[in-house]
2 protein chains.
Amino acid sequence: MPRIGMEPQRREALVRATIAEIAASGARDITVARIAKRAGMSPALAHHYFGSKEQMLLAAMRRILSDFGREARRAMAGAETPRARLQAIVETSFGPANFDPEVVAAWLNFYVQAHRDPEARRLLHIYHARLRSNLVHALRPLSTDPEGLAEGIGALIDGLYMRQALRRRALATETSVALVNDYIERGLRQ
Amino acid sequence: MPRIGMEPQRREALVRATIAEIAASGARDITVARIAKRAGMSPALAHHYFGSKEQMLLAAMRRILSDFGREARRAMAGAETPRARLQAIVETSFGPANFDPEVVAAWLNFYVQAHRDPEARRLLHIYHARLRSNLVHALRPLSTDPEGLAEGIGALIDGLYMRQALRRRALATETSVALVNDYIERGLRQ
DNA sequence: TTTTGTTGATTGACGAGTCAATTAAAACCC
DNA sequence: GGGTTTTAATTGACTCGTCAATCAACAAAA
């Protein structure tokens, strides 16, 4: 029973279902059929809207990145001092939205996909570059080696992410934030 | 033209080929046929020796982990002081054997595989636990918070790994080692 | 002649993507 | 407003390809 104006809702449902499915089955054995089923429609309809499985995966990544970007911009907006800006970045990285197990799993798979797929890699580089640029900008007035420190902070955040994704008994979010904050404090004080 | 005593060589070739293939195509679209071709034999022979593709992937993972373990044990053997033991761990993690792009890519994929496959997860946990235990042991006489510091060091190493795997212009190994060493120094001094 | 190595051919399953056909809303026309 | 046509939504059935795994058969060494 076709209602009109379904496209946005269908796309939304498919993007969500793709992320959920990545988290549930892992990117290796994802199928369009399973995604479509989870989104409550036929596989044919999924193809109708996205054209290919590849496009669905990319749409899921774009969603993850744009959610993160929005969150980050919002957090940075209120930060006046460089130190507050740093804090905003860290807290966004470990914010609940980002640390939802589903999203963490999607990120992990995203990393792997970026290893082969040029479009995915491009997307990831944009995110990396923005994060680095934000960090360096905030660090410049505070540190003698903003680039090095930014590199370390980024890597530490990524590493803590992975552990979150892989452990059955994950670290508490506060522990991760505390570790990054310690790292920053020590880096600045030096 | 069957020669005798081929089994070990065939297995060896298949394990190597599996790792190479993971790095080349990504775990998503690996096929037994491609692995076998790279190892210079028929797909049927690969199945003959390993039984299933799953087993090939696990064998490759075990190889990576046992190579790392051997390397780590060797490096630790000569270390007398706790500080030297720390240094040995860091240098092993970023040793040339581990930082071969092929091996880094394989690690990345193993992380993802561990997210679903219980056996892979089990293997990864053993590695994590050993690394953490070694770090904590070396840190105990040096730090007031060995567990926290070990967590941070492990995460930082993992994060730097990922970046190595994903950037086209990767960090120099020395840069990574220096970042970890700075982190340790600051953590101890505190 | 038994054991080990080896492969070509085959099977059986599954999955991405296509297509024709159906339904109902919307738009157009008198 | 009633009728007709267009357009969006939707799916079942199908195609085509691929791939893991099996098997029967053959070759050579022991």
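Letters A, B, ... are given to chains in the order of the sequence lines, protein chains preceding strands, and every chain is numbered from 1.
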Check your understanding: Charged N to carboxylate O below 4.0 Å: is that the case for E151(B) and R167(A)?
Key ->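 Yes.
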
Could you tell me how far apart [X] ([atom1]) and [N] ([atom2]) are, to the nearest whole angstrom?
X: R34(B); N: dC19(D); atom1: CZ; atom2: P; value: 7 Å
X: H48(A); N: dT10(D); atom1: NE2; atom2: P; value: 8 Å
X: I30(B); N: dA21(D); atom1: CD1; atom2: P; value: 13 Å
X: F50(A); N: dG15(C); atom1: CZ; atom2: P; value: 20 Å
X: M6(B); N: dA27(D); atom1: CE; atom2: P; value: 18 Å
X: K53(B); N: dT18(D); atom1: NZ; atom2: C1'; value: 11 Å
X: M41(A); N: dT11(D); atom1: CE; atom2: P; value: 8 Å
X: R10(A); N: dT11(D); atom1: CZ; atom2: C1'; value: 11 Å

Practice item. Verify, without hydrogens or angle tests, whether Y161(B) (side chain) and N98(B) (backbone) share a donor-acceptor contact under 3.5 angstrom. Key: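 At least one qualifying donor-acceptor pair exists.
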
Exercise for review: Determine: side-chain N/O of Y49(A) to OP1/OP2 of dA8(D), distance under 4.0 Å, yes or no.
Suggested key: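 Checking dA8(D) against Y49(A), no side-chain N or O comes under 4.0 Å of OP1 or OP2.
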
Check your understanding: How about L14(B) and M41(B): do any of their side-chain heavy atoms sit closer than 4.5 Å?
Key ->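 Counting from C-beta outward, L14(B) and M41(B) do come under 4.5 Å.
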
Review point. Hey, does S42(B) reach any base, or is it just sugar-phosphate, or nothing, if we go heavy atoms under 4.0 Å?
Key: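 Contact class for S42(B): base.
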
Review point. I4(A) has a side chain; which of dT22(D), dG17(C), dA25(C) sits nearest to it?
Key: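 The answer is dA25(C).
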
**Study point:** Proximal nucleotide (of dT7(C), dA21(D), dT18(C)) relative to the A44(A) side chain
**Key:**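 Nearest to the side-chain atoms of A44(A), counting from C-beta on, is dT18(C).
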
Point to revise | Test of ring centre spacing under 6.0 Å for F110(B) and W107(B) | key: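 That pair fails the under 6.0 Å test.
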
**Study point:** Residue whose nearest DNA chain C nucleotide is more 5′ - V32(A) or E7(B)
**Key:**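 In this pair, the answer is E7(B).
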
